[in-house]
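Lettering of chains follows the sequences in order, A, B, ..., and the numbering in each one begins at 1.
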Amino acid sequence: MSRLHAFHGGIHPPEHKAESNGARIVQVPLPPQLVVALNQHIGHGAKPVVAAGDRVAKGQMIGRAEGRVSAAVHAPTSGRVLAVEPRVVAHPSGLAELCVVIEPDGEERWIERQRFDWRNADGPAVLDHLRDLGVVGLGGAVFPSHLKLAGARTLDTLVINGAECEPYITCDDRLMRERADEIGAGIAIVRQLMNARQVKVGIEDNKPEAIEAMRLACGGQDIEVVVVPTLYPSGGAKQLTRLLTGREVPAGVRATDLGVQCFNVGTVQALYRALEHGEPLLSRIVTLTGAVARPGNVEALLGTPLSHLMAFAGVAADVTGHVYGGPMMGFVLPSLEAGLTKSGNCIIARNAELFPPAPPEMPCIRCGTCAEACPAELQPMDLYWFARARQFGRAQERHLFDCIECGACAYVCPSNIRLVDYFRYAKSEIWAAEKSRDAATLARRRHEARQARQERDKRERAERLAARTTPRPAPPPLPEQVTPQEAPAAPAAPTDDDKQARIAAAMARAAARRAGQAGKGEGGDGA
Amino acid sequence: MSVLLALCVMAGLALLLGAVLGFAAIRFRVEDDPLVDKIDAILPQTQCAQCGYPGCRPYATAITNDEADINQCPPGGEDGIRQLADLLGREFKPLNAANGVEKPKRVAVIDEQLCIGCTLCIQACPVDAIVGAAKHMHTVIASECTGCELCIAPCPVDCIDMAPLGDTPASWKWRYPVAMLKVVS
Amino acid sequence: MRTSPFLVQPTPLQIVMLKVAGALLPGIALYAWTFGIGVLVQIALASVTALAVEAGCLKLRGRPLQPFLSDGSALVTAWLLALAVPPLAPWWMVVLATAVAIGLAKHLYGGLGQNTFNPAMVGFAVLIVSFPAQMSRWAAPLGLGMAELGGLAQLGWIFTGQLPAGLAFDAIASATPLDTVRTALGQGQPLAQILAAPIFGDVGGTGSEWIVLGWLVGGVFLWQQKLIPWQLPVGYLGALALTASAFHLADPAHYAGPGFHLATGAAMLGAFFIVTDPVTAPTTPWGRLLYAALAGVLTYLIRVFGSYPDGVAFAVLIMNIATPLIDQLTQPAVFGRKRGKAA
């Protein structure tokens with residue numbers, strides 16, 4: 001039994017897991033339509049490779065990974081692509097983003113699936129395969145898994161996250177109880193890929209059945225199933241890693257560089273399905289709970305409209321809204337029309353009884369309770385102060401970006417201050433400022449380059465002129481060294497009457513064409 | 001006599017402290033950006049010339065030389081004016097309406113059906129964000145476009161439009177939290 | 001709630017303040033038992049004033065009354081102030097001090113949570129600077145004075161300044177133990193002889209040492225309820241005791257021992273209820289320890305070498321100024337960024 005390295009802080013919110021962890025995982029019937037978002041992971045959204053009208057097979061790639069941090073997206077079932085268009089996605093903004101809308105044909109016609117010989121393939125090939133099968137972290141952060149696997153020659157400890165510390169959520173619990181063997185097989189794969197010296201599976205002590213199942217599945221392998229005390233947020237990757245290994249991974253540092261890496265149990269299982277069965281990530285387990293008639297866990301295709309899921313669970317009459325994710329870190333769904341994404345581990349139907357309205361916010365009295373609860377060992381009251389005063393620089397100095405937004409501070413605050421809101425606000429302001437600063441730098445560079453070029457042009461022209469007017473025997477004229485972009489600059493000199501006339505003629509032609517087009521457009525509308 | 005002594009002591013002290021300060025000023029000098037650079041860093045670099053100067057840097061120079069006020073940059077907006085006011089220790093003042101109004105960021109889009117390939121917009125673009133050649137259709141590199149609108153006027157066929165950059169989930173920002181307590185009326 | 005977390009722990013500010021007030025009760029009870037009901041009158045006066053001034057300030061500032069009046073913070077300030085003034089002080093003194101504490105030290109700085117200085121101590125400081133004579137005339141503990149005042153007579157004295165016929169105030173008043181020691185030492189008496197006087201009990205002052213025990217009980221309750229961090233009282237009392245010990249060891253004939261200093265004056269009340277005011281104290285663990293320890297040393301120095309009856313108020317106010325600096329200097333390392341650790 002290895003020693004636990006307790007992390008600082010943490011809270012004990014009411015668990016509410018019993019409602020949904022009793023029944024087996026059930027399959028949700030096919031919905032009439034699937035809305036598959038192309039950006040279901042951290043990083044760049046996938047680029048669509050299908051168009052409206054295409055027929056797709058189950059598991060066929062519909063979005064290709066674009067850029068370094070990205071992952072592919074696949075058709076969750078066979079059917080017809082109705083549209084590739086912006087639809088409302090499961091995001092706190094309630095904004096629309098590019099989605100592939102698929103009408104299932106009910107045939108469940110698979111693509112050809114092939115086992116991937118990962119044992120004999122070289123490293124990059126395995127990673128590309130995982131990227132193309134769309135495997136991303138299923139714990140909630142949806143970080144593309146191939147990036148986590150990359151760059152590890154040897155790893156000291158592989159941490160498998162089965163802690164599931166957030167209240168209400170039980171999808172990992174059920175997965176471990178029912179599919180422990182697949183998780184075990186997945187752990188063996190990751191372990192070999194990362195050349196990990198030891199493997200530790202962390203599970204909170206409120207899941208005895210899952211612990212038992214995982215111990216059984218990992219028997220024979222040199223894997224330690226560690227029971228960790230129930231304390232939110234022990235399921236945070238950084239917190240669990242610290243708990244099991246004593247190593248702390250600060251923000252902005254790759255865990256692999258510190259010899260540890262953490263995978264969620266669901267991710268490991270998906271990884272196993274991808275490599276051993278050639279199955280892309282098409283579905284996930286979701287906990288449907290809160291004020292519903294039949295709380296429990298379902299396996300649902302990605303893209304299943306959330307309204308379909310909630311109808312399946314039976315929403316009570318007094319429900320005032322839905323939370324996507326857990327009650328500590330999730331967000332209120334702006335619309336149930338969005339499709340299920342890879343990050344959707346839980347949907348909670350809210351009513352006033354389960355989630356009473358927030359008491360009024362009082363001033364901060366600097367009692368320090370938040371600092372005691374903070375698992376990142378920050379001083380939330382100071383960060384709050386800076387964020388509120390829009391002193392983002394000071395907030396960054398005090399390590400705002402080490403905040404994991406777990407919500408422990410806001411949970412304990414006696415003044416009911418929505419601390420995390422301020423931190424999210426400050427972070428997104430800082431990101432936006434960085435973006436516009438980068439854009440300004442780029443613009444300045446390009447502007448300066450252009451000025452330098454114009455300067456050079458002028459000089460060279462003057463030199464040529466000087467060369468021509470000197471009485472010396474005229475040298476053969478230099479071939480004009482101009483880049484294609486500069487080439488047009490010379491002919492368009494305003495002194496050239498001929499060119500002016502040509503432009504005027506072109507303008508007339510364009511005007512005529514524009515008039516014709518407009519007429520056509522109107523005609524089209526009328527028809 | 002004692003007066004003389006006091007004078008000597010004071011003078012000696014003054015010399016000593018002055019020497020220390022002078023030494024510190026040289027030894028611990030902080031290399032600082034010239035003011036123009038600092039102002040230029042705040043300006044949004046759209047190079048749109050709405051301020052009345054041919055670009056952001058000339059405007060920064062003009063501010064440094066007290067030739068221009070700090071409220072002449074519409075793309076920088078209120079935020080930019082505030083930062084300039086902070087930097088220069090001046091009072092904040094609202095944007096000068098004569099220079100324009102603050103607009104959400106937009107990028108130029110060329111209607112490629114209408115473009116006649118005249119290259120006038122390419123010459124107008126301060127950041128070389130338009131590619132194309134004579135008699136060939138031009139197009140805007142959206143990621144490089146600063147939205148300065150300088151290409152619109154020269155276009156002989158009016159084929160350039162400014163398209164607003166809509167909010168996407170990636171660019172969306174969390175808003176400033178609203179405290180629950182309200183002022184009683 | 002539109003944003004996560006959607007769960008909150010039900011320990012609102014009111015409960016916190018209520019518990020602080022509750023923790024004061026044992027000490028208050030012992031106080032009233034030892035010195036008579038004067039202290040209760042002072043508490044009532046301070047409470048009414050505090051609520052009235054709080055309401056007035058909120059009104060002026062356009063803030064809602066209900067949440068701030070019911071948060072209990074004004075009451076806690078009022079009670080602490082009432083406990084710091086002599087129980088037989090005239091009524092207008094505590095009223096003035098409370099008005100200053102709430103109006104000036106709290107609301108002028110922006111209200112709850114915004115004040116730089118401990119409001120109760122600001123109120124106290126104003127009194128002690130303005131009315132030093134009244135502030136050093138404490139009632140003798142019951143049974144020790146030459147004469148005794150009944151409850152009604154105490155009320156009468158506080159409100160009208162009239163004593164029952166034939167009684168002079170000096171007959172019922174007495175200097176505090178701390179004052180007595182200072183005055184007697186100044187007259188050249190040896191410490192051992194001074195402490196043998198009836199006003200001194202086993203460790204502190206007769207009677208008042210029991211009140212000190214009451215504060216200790218309340219303080220331990222607050223600590224057990226996790227409402228005050230251990231660093232503040234431990235740092236304060238520890239530093240006070242250490243400083244007292246050092247002086248006592250150096251010259252026992254002149255400087256009283258640590259036990260005396262812990263058990264007299266406002267040391268114990270201050271350690272658990274004044275130094276621990278979260279708004280004006282640092283928030284980092286080491287910062288709290290440093291803040292409290294420096295306050296403890298200052299208290300001793302002001303008590304022994306200063307001219308005021310006790311040093312708690314000024315020690316706390318001086319340290320309040322240093323709070324932002326202490327916080328700045330003692331920022332703890334955050335997760336994953338600790339030096340000396342392989343991370």
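Looking at Pro86(A), there are no atoms closer than 4.5 Å to chain B (heavy atoms on both sides), in backbone or side chain. Only the backbone of Ala387(A) comes within contact range of chain B, judged by heavy atoms closer than 4.5 Å. Heavy-atom distances place no part of Arg445(A) under 4.5 Å from chain B, backbone and side chain included. Proximity to chain B involves both the backbone and the side chain of His447(A), based on heavy atoms less than 4.5 angstrom apart. In this structure, chain A has heavy atoms under 4.5 Å from both the backbone and the side chain of Pro169(B). With a 4.5 Å cut-off on non-hydrogen atoms, Ala96(A) touches chain B through its backbone but not through its side chain.
One distance of note links OG1 of Thr168(B) with CG of Leu98(A); it measures 11.5 Å at 0.5 Å rounding. The CZ atom of Arg57(B) lies 10.0 Å from the CD atom of Gln451(A); values are rounded to the nearest 0.5 Å. Rounded to the nearest 0.5 angstrom, Trp431(A) CH2 and Lys173(B) NZ are separated by 12.5 Å.
The cationic group of Arg388(A) does not satisfy the cation-pi geometry with Tyr176(B), failing either the under 6.0 Å distance to the six-membered ring centre or the 45° limit from the ring axis.
In terms of heavy-atom pairs under 4.5 angstrom with chain B, the leader among Glu429(A), Gln454(A), Arg390(A) is Arg390(A). Taking chain B as the reference chain and counting heavy-atom pairs below 4.5 Å, the highest number among Arg444(A), Glu448(A), His91(A) is found for Arg444(A). Most heavy-atom pairs under 4.5 Å with chain A: of the set Leu43(B), Asp40(B), Thr46(B), Thr146(B), this distinction falls to Asp40(B). When Cys125(B), Gly55(B), Cys56(B) are compared by the number of non-hydrogen pairs under 4.5 Å with chain A, Cys125(B) comes out ahead. Taking chain B as the reference chain and counting heavy-atom pairs below 4.5 Å, the highest number among Ser93(A), Ala449(A), Ala443(A), Gly94(A) is found for Ser93(A).
A donor-acceptor pair is defined here as one N or O able to donate and one able to accept, closer than 3.5 Å; no such pair exists between the side chain of Arg450(A) and the backbone of Val127(B). Within the 3.5 Å criterion, the main-chain N or O of Trp174(B) finds a donor-acceptor partner in the side chain of Ser428(A).
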Exercise. Go through the steps to decide whether Gln45(B) and Thr441(A) satisfy the test side chain to side chain contact (heavy atoms under 4.5 Å, CB included), and finish with yes or no.
Key: CA-CA 8 Å; Gln45(B) 304 302 323; Thr441(A) 310; over 6 Å; no
Quiz item: Run the salt bridge (Lys or Arg N to Asp or Glu O under 4.0 Å) check on Arg453(A) and Asp128(B) step by step: do they pass?
Solution: CA-CA 11 Å; Arg453(A) 195 187 65 231; Asp128(B) 287 340; 2.8 Å; yes
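For a heavy-atom cut-off of 4.5 Å, chain A lies close to no residue in residues 82-110 of chain B. Below 4.5 Å, heavy atoms of chain B meet heavy atoms from Ala432(A), Lys435(A), Ala440(A), all part of residues 432-440 of chain A.
Partners of Phe386(A) by ring pair (Phe, Tyr, Trp, His ring centres under 6.0 Å), not counting sequence neighbours: none found.
Among residue pairs with one or both ends in residues 39-48 of chain A, none qualify as salt bridge (charged side-chain N to carboxylate O under 4.0 Å, His left out); sequence neighbours excluded.
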